[in-house]
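Here the structure comes first, spelled out in structure tokens, and everything after it is commentary.
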Amino acid sequence: MATGTEPPATEPHPRRGGVRAGTRAAIAAPHLRTDRWWLAPAGTVAGLLAFIVYSTWRAFADADYYAAPYVSPFYSPCLAERCEPMRAGPNWEIFGSWWGISPAIIILIFPLGFRLTCYYYRKAYYRGFWASPPACAVAEPHQKYTGETRFPLVLQNIHRYFFYAAIVVAGILTYDTVLAFRDEHYAWGHMGLGTLVFLVNIVLIWAYTISCHSCRHIVGGKLKHFSKHPVRYRMWQWAGRLNARHMQLAWASLVTVALADFYVYLVASGAFDDPRFF
């Protein structure tokens, strides 16, 4: 019985693949959405491009990343010998004098690798930059789909290992936040506006990290009976609640980590004096 969607018998099958293949319904319109579906991928491109440009500038600047007691999260821990000395700070001179470029390049690969392989970010930049697909119910322009089965996208499977590195980085940034309760002379018991910025940033960093899908699987995966593992079940529930806000936490933590770096840059460059609350 004819359904009304078959192409005419005299019309040859389209040569294009994907949703334009001859075996698919013959709908002439590219899609049937009437809303401004392009706003979401366009916003994603704008937001991620802004962060890429800013973080690239700051990573290669190799300056104005430490103003006691604050250290930029882009440069922590500082693993090169040429780093600015930070009293009781994360100065680990693993890379000797032979390292001639910005020390931020050493450490940024881990948090950036975690975000690049993150399930949400993969969806976001696949849609925004590659139009794969551009939006729900909007056909992608590519003729074939190989998913993440080929190089380089097959490397997305190492996300869980970047998660372990992200836990270590979050722990170091927590230490930096504790050190932010000092003044410029390293005396304890003080709090400035920068301390508040660091506190908000580390809370969102931890929330984003723990809300990761890999974390949820590590906490509660491979359990056949939750009743026999009440602690892990409760942790799995907590991770699940955060996971429901993974997208919001991804963007919020991206903004605050850039804001924390920019705040340190303003103070270190002398453009801004850190206000003290006590």
Side-chain angles (χ1 to χ4, degrees), residues 43-44 46-48 50-59 61 64-78 86 88-90 104 107-108 110-116 118 120-121 124 162-163 165-184 186-212 215-216 238-269 271-278:
T44 297
L48 292 181
F51 182 81
I52 290 170
V53 171
Y54 174 79
S55 60
T56 301
W57 165 60
R58 287 294 294 142
D64 300 322
Y65 57 84
Y66 180 66
Y70 310 123
V71 56
S72 164
F74 289 178
Y75 286 81
S76 182
C78 213
M86 297 178 284
I107 191 62
L108 277 180
F110 298 107
L112 288 180
F114 177 59
R115 288 183 183 266
L116 280 173
C118 165
Y120 165 70
Y121 278 115
F162 275 119
F163 167 74
I167 289 289
V168 175
V169 171
I172 295 170
L173 296 183
T174 302
Y175 177 70
D176 294 340
T177 303
V178 173
L179 295 182
F181 283 92
R182 304 179 299 176
D183 63 11
E184 63 274 14
Y186 306 104
W188 287 96
H190 297 272
M191 180 177 181
L193 179 59
T195 311
L196 184 60
V197 172
F198 273 53
L199 278 171
V200 173
N201 178 56
I202 195 57
V203 168
L204 289 174
I205 288 290
W206 273 114
Y208 166 64
T209 304
I210 296 175
S211 69
C212 170
C215 177
R216 191 167 181 260
W238 290 340
R241 293 190 185 99
L242 285 174
N243 182 259
R245 299 288 184 268
H246 195 50
M247 179 185 73
Q248 294 88 339
L249 292 170
W251 281 105
S253 59
L254 194 72
V255 171
T256 57
V257 73
L259 179 62
D261 170 82
F262 187 63
Y263 189 89
V264 175
Y265 165 74
L266 291 177
V267 176
S269 63
F272 182 76
D273 291 328
D274 180 40
R276 292 289 172 175
F277 299 135
F278 57 83

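Computed over heavy atoms, backbone and side chain alike; hydrogens, waters and symmetry mates excluded. None of the values given here were measured: they were computed from a predicted structure.
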Atom of [X], atom of [Y] and distance for their closest heavy-atom approach:
X      : Y      : value
Gly194 : Asp274 : N-OD1, 3.1 Å
Thr44  : Ala124 : CG2-O, 3.5 Å
Ile202 : Ala170 : CD1-O, 3.6 Å
Ala88  : Leu179 : O-CD1, 3.4 Å
Ser76  : Ile172 : OG-CG2, 3.6 Å
Ala260 : Val197 : CA-CG1, 3.8 Å

* **side-chain hydrogen bond (donor to acceptor under 3.5 Å, both in side chains) evaluation trace for Asp261 with Tyr75** => CA-CA 9 Å; Asp261 170 82; Tyr75 286 81; over 6 Å; no
For the [atom1] atom of [X] and the [atom2] atom of [Y], what is their distance to the nearest 0.5 Å?
X      : Y      : atom1 : atom2 : value
Tyr263 : Leu196 : OH    : CG    : 9.0 Å
Phe162 : Leu116 : CZ    : CG    : 8.0 Å
Cys212 : Leu249 : SG    : CG    : 11.5 Å
Leu193 : Arg276 : CG    : CZ    : 10.0 Å
Thr174 : Ile205 : OG1   : CD1   : 9.5 Å
Leu112 : Phe51  : CG    : CZ    : 6.0 Å

* To do: Apply the test side-chain contact (heavy atoms from CB on, under 4.5 Å) to residues Arg115 and Ser253: give CA-CA distance (whole Å), side-chain angles for both, the deciding distance (0.1 Å), then the verdict.
  => CA-CA 11 Å; Arg115 288 183 183 266; Ser253 59; 2.9 Å; yes
Could you tell me whether a side-chain N or O of [X] sits under 3.5 Å from a main-chain N or O of [Y], the two making a donor and an acceptor?
X      : Y      : result
Thr56  : Ile52  : yes
Tyr265 : Arg58  : no
Arg182 : Ala68  : no
Asp183 : His190 : no

* May I ask you to decide if the ring planes of Phe114 and Phe163 are parallel, tilted or perpendicular, using 30° and 60° as cut-offs? => tilted
* To do: For a ring-ring contact (aromatic ring centres under 6.0 Å, His included) with His246, tell me which candidate from Tyr208, Trp251, Tyr121 qualifies.
  =>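 Among Tyr208, Trp251, Tyr121, the one that satisfies the ring-ring contact (aromatic ring centres under 6.0 Å, His included) with His246 is Tyr208.
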Pairwise side-chain contact, [X] with [Y], heavy-atom cut-off 4.5 Å (strictly under):
X      : Y      : result
Leu254 : Leu48  : yes
Asp176 : Pro73  : no
Val178 : Trp188 : yes
Thr209 : Cys215 : no

* **Criterion side-chain contact (heavy atoms from CB on, under 4.5 Å) on Met191 and Leu199, from CA distance to verdict** => CA-CA 11 Å; Met191 180 177 181; Leu199 278 171; 4.2 Å; yes
* Asked: Between Tyr70 and Phe198, does the ring centre distance come in under 6.0 Å?
  -> yes
* **Within residues 186-211 or reaching into it, pairs that qualify as salt bridge (charged side-chain N to carboxylate O under 4.0 Å, His left out) - sequence neighbours excluded** =>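 Applying salt bridge (charged side-chain N to carboxylate O under 4.0 Å, His left out) to every pair that reaches into residues 186-211, excluding sequence neighbours, yields nothing.
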* Do Phe262 and Phe272 pass the side-chain contact (heavy atoms from CB on, under 4.5 Å) test, and can you show the C-alpha distance, the side-chain angles, and the key distance before you say yes or no? -> CA-CA 11 Å; Phe262 187 63; Phe272 182 76; over 6 Å; no
* To do: Take Tyr66 and Val264 through the test side-chain contact (heavy atoms from CB on, under 4.5 Å) and record every step on the way to the result.
  => CA-CA 7 Å; Tyr66 180 66; Val264 175; 5.6 Å; no
